[in-house]
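Have a look at the structure below, then the notes.
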Amino acid sequence: MVRIRPFQGIRPAKGKEEAIAALPYDVYSRKEAKKAVEGKPLTFLRIDRAETQLPDDIATSDPRVYQKARELLLEMEERGDFVKDSAPCCYLYELTMEGRSQTGIVACASIDDYLEGRIKKHENTRREKEEDRVCHVDVCGTQTGPIFLAYRNRADLKALTEEEKKREPLFSFVSEDGIGHRGWRVSDEASIRRIQKIFEAMDAVYIADGHHRAASAVRVGLKRREEHPGYTGKEEFNYFLSVLFPDDELMIMDYNRVVRDLNGLSSEEFLKRTEEIFTVERLQGPKHPKKKGEIVLLLSEGWYLLTLRPEYENEDPVEGLDVSILQRELLGPVLGIGDPRTDERIDFVGGIRGMEELERRVHTDMKAAFAMYPTSIGELFAVADAGLLMPPKSTWFEPKLRSGLFLHSIEG
């Protein structure tokens with residue numbers, strides 16, 4: 001049984017949604033974030049990355065950063081940039097990218113479902129990244145970035161959401177990157193209860209994106225339970241802000257690898273080693289892999305299609321992933337990249353940046369690029385159901401949920 005519940009959403013005032021909505025805090029470096037907030041006094045990135053409002057010599061983890069975030073949020077609320085609904089609601093959030101739409105249910109998920117494995121994960125988290133969001137949520141008293149959850153599609157839930165979307169939306173705008181955003185409020189108690197009962201019939205939902213935000217929200221909830229030993233379980237800190245999407249509407253893009261050097265090998269020597277695991281075909285130009293088991297390699301000499309030899313295929317949910325095979329058979333033993341999470345010789349490029357970014361990197365600071373076939377949502381579910389973890393940087397979801405459109409106070 002998966003428990004979700006409505007909440008009193010804190011939302012941008014009518015007409016301010018586009019100016020406030022911001023990409024997730026973790027898609028930016030500090031330098032990029034500082035540039036992104038220039039000339040945008042309402043962007044929520046100022047709150048998510050409050051170090052952009054402070055001198056550069058103040059560390060991102062400095063307590064003054066989180067206090068600044070709280071001050072900025074309170075200022076916007078007092079100024080009327082945000083409004084708070086008078087009663088608990090669920091919401092719908094639709095994103096449209098290049099003609100393809102996905103609609104999620106905005107609600108609060110239970111930290112106990114996370115702790116007890118009904119909200120399943122597929123990635124490890126890093127303590128220092130968790131700590132940043134723990135401080136941010138705890139000091140602000142508000143969950144500002146929704147966790148992106150996925151569930152196996154259900155016709156009854158899809159019919160319900162389509163019916164609700166016939167109403168006038170709360171907001172509708174196209175962001176500067178061309179993504180369409182629309183939102184609706186679901187305030188009818190009967191509709192909310194129907195949504196809850198459908199989720200109660202599910203064995204599990206899955207974290208698609210936002211593992212650090214989820215882990216941080218849970219840690220803050222547990223911290224507040226310790227601070228309130230008489231808690232009942234109904235307090236807002238027992239739940240975290242989520243957007244739940246059906247699996248058949250989601251798109252996972254490729255998450256590609258670029259490598260700084262060939263570990264002392266010439267291109268010819270590297271290709272010879274590669275041919276032990278893959279068949280290698282020279283290409284005339286860039287080409288996306290067309291199926292699982294294909295990887296497109298770029299060296300300074302040109303493009304190559306790598307096709308995995310059958311004897312290296314693997315049915316294990318993790319070991320059979322293309323990113324796992326590349327790491328296990330090529331990046332580790334041939335290029336000497338033991339731990340891709342910490343090795344500075346490897347970097348990762350989201351598929352949204354295109355093949356042009358791989359070309360740029362190889363022609364500037366890298367020696368090789370590997371364009372991957374995207375991990376599927378079915379593979380993600382299989383890994384999570386098995387209680388296993390994917391290698392780092394296995395999935396890149398698009399479009400990204402915007403922060404600032406729905407906030408959840410854990411103090412109310």
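Keep in mind that this is a model prediction, so the values were computed, not measured.
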Between [X] and [Y], which heavy-atom pair has the shortest distance, and what is it?
{"X": "Thr395", "Y": "Ala208", "answer": "OG1-O, 4.4 Å"}
{"X": "Ala50", "Y": "Ala69", "answer": "CB-N, 3.6 Å"}
{"X": "Ala217", "Y": "Gln143", "answer": "CB-NE2, 4.1 Å"}
{"X": "Pro169", "Y": "Lys14", "answer": "O-NZ, 3.7 Å"}
{"X": "Gly145", "Y": "Ser403", "answer": "CA-OG, 4.0 Å"}
{"X": "Ile325", "Y": "Gly320", "answer": "CD1-O, 3.7 Å"}

Could you tell me whether the side chain of [X] and the main chain of [Y] form a donor-acceptor pair under 3.5 Å?
{"X": "Thr364", "Y": "Val362", "value": "no"}
{"X": "Asn153", "Y": "Asp247", "value": "no"}
{"X": "Lys165", "Y": "Leu92", "value": "no"}
{"X": "Glu379", "Y": "Ile377", "value": "no"}
{"X": "Thr43", "Y": "Lys40", "value": "no"}
{"X": "Gln327", "Y": "Ile337", "value": "yes"}
{"X": "Lys120", "Y": "Gly117", "value": "no"}
{"X": "Ser409", "Y": "Thr142", "value": "no"}

*Take Asp385 and Arg152 through the test salt bridge (Lys or Arg N to Asp or Glu O under 4.0 Å) and record every step on the way to the result.*
CA-CA 12 Å; Asp385 284 338; Arg152 289 184 172 87; 2.9 Å; yes
For [Y], is there an ion pair with [X] - N to carboxylate O distance below 4.0 angstrom?
{"X": "Asp113", "Y": "Arg3", "answer": "yes"}
{"X": "Lys287", "Y": "Glu281", "answer": "no"}
{"X": "Asp322", "Y": "Lys291", "answer": "no"}
{"X": "Arg260", "Y": "Asp347", "answer": "no"}
{"X": "Glu189", "Y": "Arg194", "answer": "no"}
{"X": "Lys290", "Y": "Glu294", "answer": "no"}
{"X": "Lys34", "Y": "Asp56", "answer": "yes"}
{"X": "Glu357", "Y": "Arg360", "answer": "yes"}
{"X": "Asp26", "Y": "Lys129", "answer": "no"}

_Charged tip of Arg257 within 45° of Phe348 ring normal and under 6.0 Å_ = no
_Test applied, side chain to side chain contact (heavy atoms under 4.5 Å, CB included); reference residue, Ile195; option that passes from Thr161, Ile4, Leu244_ = Ile4
*May I have the step-by-step check of salt bridge (Lys or Arg N to Asp or Glu O under 4.0 Å) for Glu130 and Arg133, ending in yes or no?*
CA-CA 5 Å; Glu130 275 186 40; Arg133 287 302 103 176; over 6 Å; no
*Start with the C-alpha gap between Asp177 and Arg402, add the side-chain angles, then the distance that decides, and say whether salt bridge (Lys or Arg N to Asp or Glu O under 4.0 Å) holds.*
CA-CA 12 Å; Asp177 57 359; Arg402 269 21 180 209; 2.4 Å; yes
Whether the [X] and [Y] side chains hold a donor-acceptor pair (N or O, under 3.5 Å, no angle test) is what I'd like checked.
{"X": "Glu18", "Y": "Ser175", "answer": "no"}
{"X": "Ser267", "Y": "Glu301", "answer": "yes"}
{"X": "Asp132", "Y": "Tyr66", "answer": "yes"}

Heavy-atom check, side chain of [X] versus side chain of [Y], under 4.5 Å:
{"X": "Val106", "Y": "Leu241", "value": "yes"}
{"X": "Val83", "Y": "Ile10", "value": "no"}
{"X": "Val296", "Y": "His288", "value": "no"}
{"X": "Val258", "Y": "Ile346", "value": "no"}
{"X": "Phe370", "Y": "Asp254", "value": "no"}
{"X": "Ile410", "Y": "Tyr239", "value": "no"}
{"X": "Val186", "Y": "Tyr91", "value": "no"}
{"X": "Pro12", "Y": "Leu405", "value": "yes"}

Please indicate whether [X] has more than 12 foreign heavy atoms, meaning atoms of other residues, nucleotides or ligands, lying under 6.0 Å from its [atom1].
{"X": "Gln284", "atom1": "CD", "result": "no"}
{"X": "Arg193", "atom1": "CZ", "result": "yes"}
{"X": "Lys367", "atom1": "NZ", "result": "no"}
{"X": "Lys234", "atom1": "NZ", "result": "no"}

*Mind checking whether Phe173 and His181 have parallel, tilted or perpendicular rings, split at 30° and 60°?*
parallel
*Take Cys89 and Gln8 through the test side-chain contact (heavy atoms from CB on, under 4.5 Å) and record every step on the way to the result.*
CA-CA 6 Å; Cys89 307; Gln8 289 177 261; over 6 Å; no
*Any chance you could lay out the side-chain contact (heavy atoms from CB on, under 4.5 Å) test for Leu73 and Leu407, step after step, and finish with the verdict?*
CA-CA 11 Å; Leu73 180 57; Leu407 310 181; 3.9 Å; yes
*Only one of Glu163, Glu249, Glu164 passes salt bridge (charged side-chain N to carboxylate O under 4.0 Å, His left out) with Lys158; say which it is.*
Glu249
*Dump the intermediate steps for side-chain contact (heavy atoms from CB on, under 4.5 Å) on Leu308 and Ile277, then the final yes or no.*
CA-CA 6 Å; Leu308 186 68; Ile277 304 112; 3.8 Å; yes
Do the two ring centres, one from [X] and one from [Y], sit under 6.0 Å apart?
{"X": "Phe237", "Y": "His228", "answer": "yes"}
{"X": "Phe7", "Y": "Phe406", "answer": "no"}
{"X": "Phe148", "Y": "Phe245", "answer": "yes"}
{"X": "Tyr206", "Y": "Tyr151", "answer": "no"}

_Residues Phe171, Ile20; criterion side-chain contact (heavy atoms from CB on, under 4.5 Å); working and verdict_ = CA-CA 12 Å; Phe171 60 82; Ile20 289 175; over 6 Å; no
*For Glu51, which residues count as a salt bridge (Lys or Arg N to Asp or Glu O under 4.0 Å) partner, sequence neighbours excluded?*
Arg49
*With sequence neighbours left out, what residues match Glu356 under side-chain hydrogen bond (donor to acceptor under 3.5 Å, both in side chains)?*
none
*Please walk me through it: do Asp138 and Arg224 pass salt bridge (Lys or Arg N to Asp or Glu O under 4.0 Å)?*
CA-CA 9 Å; Asp138 199 30; Arg224 297 215 170 189; 3.1 Å; yes
